[in-house]
Number of protein chains: 2
Amino acid sequence: MHEDFLDELGELALGSRLKRVSEKMLADAAKVYEHFGMAIQPKWFTLLALLDKKHTVSVVEASEYLGLSQPALSQFCRQLSAKELINVAADKSDSRKKVIQLSAKGRVQVQVMKPIWSAVNLAAIELSEQSNNQFYQALLLFEASLAEKSLLQRSQHHFKQLANTQLSEEQINIIEFKPTLASYFDVINSQWIEEMFVLEEVDKRVLRYPQKNIIEKGGKIWFAEHPSLGIVGTCALLNKGNGAYELTKMGVLKTARGLKVGEILLQHVIEQAQSLPLNCLFLLTNAKCEAAIHLYEKNGFVHDKEIMDSFGRSYQRCDVAMRWTQEDFATNL
Amino acid sequence: MHEDFLDELGELALGSRLKRVSEKMLADAAKVYEHFGMAIQPKWFTLLALLDKKHTVSVVEASEYLGLSQPALSQFCRQLSAKELINVAADKSDSRKKVIQLSAKGRVQVQVMKPIWSAVNLAAIELSEQSNNQFYQALLLFEASLAEKSLLQRSQHHFKQLANTQLSEEQINIIEFKPTLASYFDVINSQWIEEMFVLEEVDKRVLRYPQKNIIEKGGKIWFAEHPSLGIVGTCALLNKGNGAYELTKMGVLKTARGLKVGEILLQHVIEQAQSLPLNCLFLLTNAKCEAAIHLYEKNGFVHDKEIMDSFGRSYQRCDVAMRWTQEDFATNL
DNA sequence: AATATTTATATAAGCGCTTATGTAAAATTT
DNA sequence: AAATTTTACATAAGCGCTTATATAAATATT
């Protein structure tokens, strides 16, 4: 048998660990009922206890008390009715509502189970207090903290700290393509394309084999590296022949949005493009990509109908064509 | 909105509470991935982390490391293969085995996720340490205690203490039938009949309406009451006419087995039967009920073929007939 | 060497919920 | 009063596992 890998993951696997423990507890509860000959399913326990205490509740009320979904309670009611442990009747003043209560048999069944509940309660207290560790109290506090500020919010906060610590523009490092980085090209671009469009077959081919489809055809690929997040952005130049280059597959991971990675990358690509036998630098995109288009406009690209007519049919999703104009860009510098 | 009923149940609802928290954590984890644009399901997390650490594992190895079932891992592998995040190949030296490892894309996907994992880890640590309460540490201890001695074992121990405290024979109180106790007759008998046989239609009718089917026909029902467990046993006398009475539906709850409740009850019934215009006291049972037959033999019942012939066809499951003999019983006194 | 047992994996069915959705009744708005 | 929205519940489908079972390969036993 192997060691427990969750131990190595520590707090990161807290969720998985909690799930594992809760499943163990529920499985044990089932064994307890079985051992004492009770034809009762553990999932019914909270509802039976609620009915014992409150006498009558409706389906929705029960779901609110117990923190379970309404359909869950609806199902429990059907099952407990079949076992004749509860009576279900329409509410007199509101015919949508159902009034649930224990039947005479159900009340007796609960009475008969109560000593078992007491024993389980003592067992749970014993477990909780093992080694002076007030597990139950800690769990209550944990739940309260989680309700106050969710794991998502807390994670977002910590992530922001991680991504922004001492970040200045010079710390985004632009590096050239090498085969070991090929998959970053795939992962980074797949992310935004899948989010905004659907990944077409032509995309998949280019993303999977960038070396063959871009580099070996005289194109270029760059990556942007963040000091703590690693490689977070990429951009390619496709060699279309006759000195025409298409700027394409520019993407920044969602984890690095808002850090100006896109702009740094784009400016680097434009700058590097100057050392190519450049005749025409253009790009194709979709009107949906507002932020990107704004970035392109800001960095010397202008909308161009001619480009649209000559190259626009390559991709289904492209309805915007832009061409880089050295003049405009130079005056911006 | 109603208050949280689990609060009222305290430690008894520890399992339900753990389940609720773990589901909340997992749901939040899914939101974290979604927020950062990762097309990754939280359930894959432990496997991806394992592959990142160990590089290659088989399906069974992974299931052992992670504490999940082998089919679960088998399914994860299919899903991650479809996403091209892992490579699965047959083991060279054992063609049953599959060697699982991250693909190039998978390794990059993990690299890209690692900052998120770090942030979640910090968030979990923060939650765990909230209000100086080392929840994670407490959970580890709780898990260890549970592994050392299960909830079932602990519950059994506490139950035994509850059932046996200061129990002497006089504390089992025999009481006569009254309508409010009718359901105990049903619940107690259903338990053992369902365990040993199947509940026939005739059983259900008698158990559901004991007053109509037994009392009003000149029969009798008694209950045995335990000082802390409540009503735990029952026994009936059926009036068969002409001074013949059938001892039937004698049962003791599994929670009260081993406390001599059956014997006390039986002796009480035999004693009370003397005040009836008694001609013949008999019972029908099944050879499977060895413990019961032994108890009957010990208390003056002898096997009787004549009874079998005249009454044995009433129930399908009966293949043993016994008759009480005053003589034998008297000599035993 | 033949046979039985064990091991690794896949597949199917089930379980305890969930979310999504539909229907009818009640409450609210117009 | 009529139309709209909300509420209560049921049903269906799905999800993340589980247990049970089948299959094939490896290992141990005879």
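The model shown is predicted, which means the values in this text are computed figures rather than measured ones. Naming: A, B, ... by sequence-line order, numbering from 1 per chain. Both backbone and side-chain heavy atoms feed into the values below; hydrogens, waters and symmetry mates do not.
The side chain of A:Ser69 places an N or O atom within less than 4.0 Å of a non-bridging phosphate oxygen (OP1 or OP2) of C:dT18. OP1 or OP2 of C:dA10 sits under 4.0 Å from a side-chain N or O of B:Ser74. An OP1 or OP2 oxygen of C:dG16 is reached within less than 4.0 angstrom by a side-chain nitrogen or oxygen of A:Lys43. Note on B:Lys97: every side-chain N or O is 4.0 Å or more away from OP1 and OP2 of D:dA26. At C:dC17, one or more side-chain N or O atoms of B:Lys19 fall inside 4.0 Å of OP1 or OP2 (strictly under the cut-off).
At whole-Å resolution of the value, CH2 in B:Trp44 and C1' in D:dG16 are 12 Å apart. Rounded to a whole Å, the CZ atom of B:Arg78 is 8 Å from the C1' atom of C:dT11. Here the C1' atom of nucleotide C:dT7 and the NZ atom of B:Lys98 are 15 Å apart, to the nearest Å. Rounded to whole angstrom, the span from the CG atom of B:Leu68 across to the C1' atom of C:dA10 amounts to 17 Å. One atom, CG of B:Leu73, and another, P of D:dC17, lie 10 Å apart when rounded to the nearest Å. For B:Glu61 and C:dT7, the CD to P distance is 14 Å, given to the nearest whole Å. Protein atom CD of B:Gln79 is 12 Å distant from nucleotide atom P of C:dA10, rounded to whole Å. As a whole-Å value, the separation of A:Ile100 CD1 from D:dA8 C1' is 11 Å.
A cation-pi arrangement, defined by a distance under 6.0 Å to the six-membered ring centre and an angle within 45 degrees of its axis, is absent between B:Lys54 and A:Phe5.
Within the 4.5 Å cutoff, no side-chain heavy atoms of B:Asp186 are placed close to those of A:Val108. Residues B:Ser74 and B:Gln70 are in side-chain contact: their nearest non-hydrogen atoms beyond the backbone lie under 4.5 Å apart.
With B:Glu11 as the partner, the side chain to side chain contact (heavy atoms under 4.5 Å, CB included) test is satisfied by one option alone out of A:Leu122, A:Ile125, A:Val120: A:Ile125.
With DNA chain C read from its 5' end, the first of the two nearest nucleotides for A:Pro42 and A:Ser93 is the one closest to A:Pro42. With DNA chain D read from its 5' end, the first of the two nearest nucleotides for A:Arg96 and A:Glu23 is the one closest to A:Arg96.
When heavy atoms are screened at a 4.0 angstrom cut-off, A:Gln41 is found touching the sugar-phosphate backbone but no base atom. Among the heavy atoms of the strands, none lies under 4.0 Å from B:Leu26. At the heavy-atom level, A:Ser95 lies under 4.0 Å from the strands shown only through sugar-phosphate atoms.
Here the nucleotide nearest the side chain of B:Val60, chosen from C:dA25, D:dC9, C:dA8, is C:dA8. Residue B:Gln75 has its side chain nearest to C:dA12 when only C:dA12, C:dG16, C:dA20 are considered.
If you look at B:Phe45 and B:Tyr33, their ring centroids are not closer than 6.0 Å.
Side-chain atoms of A:Gln70 stay outside donor-acceptor range of the base of D:dA8, with no qualifying N/O pair under 3.5 Å.
Ring geometry, B:Phe197 versus B:Trp192: the interplanar angle exceeds 60°, so the pair is classed perpendicular (tilted spans 30 to 60°).
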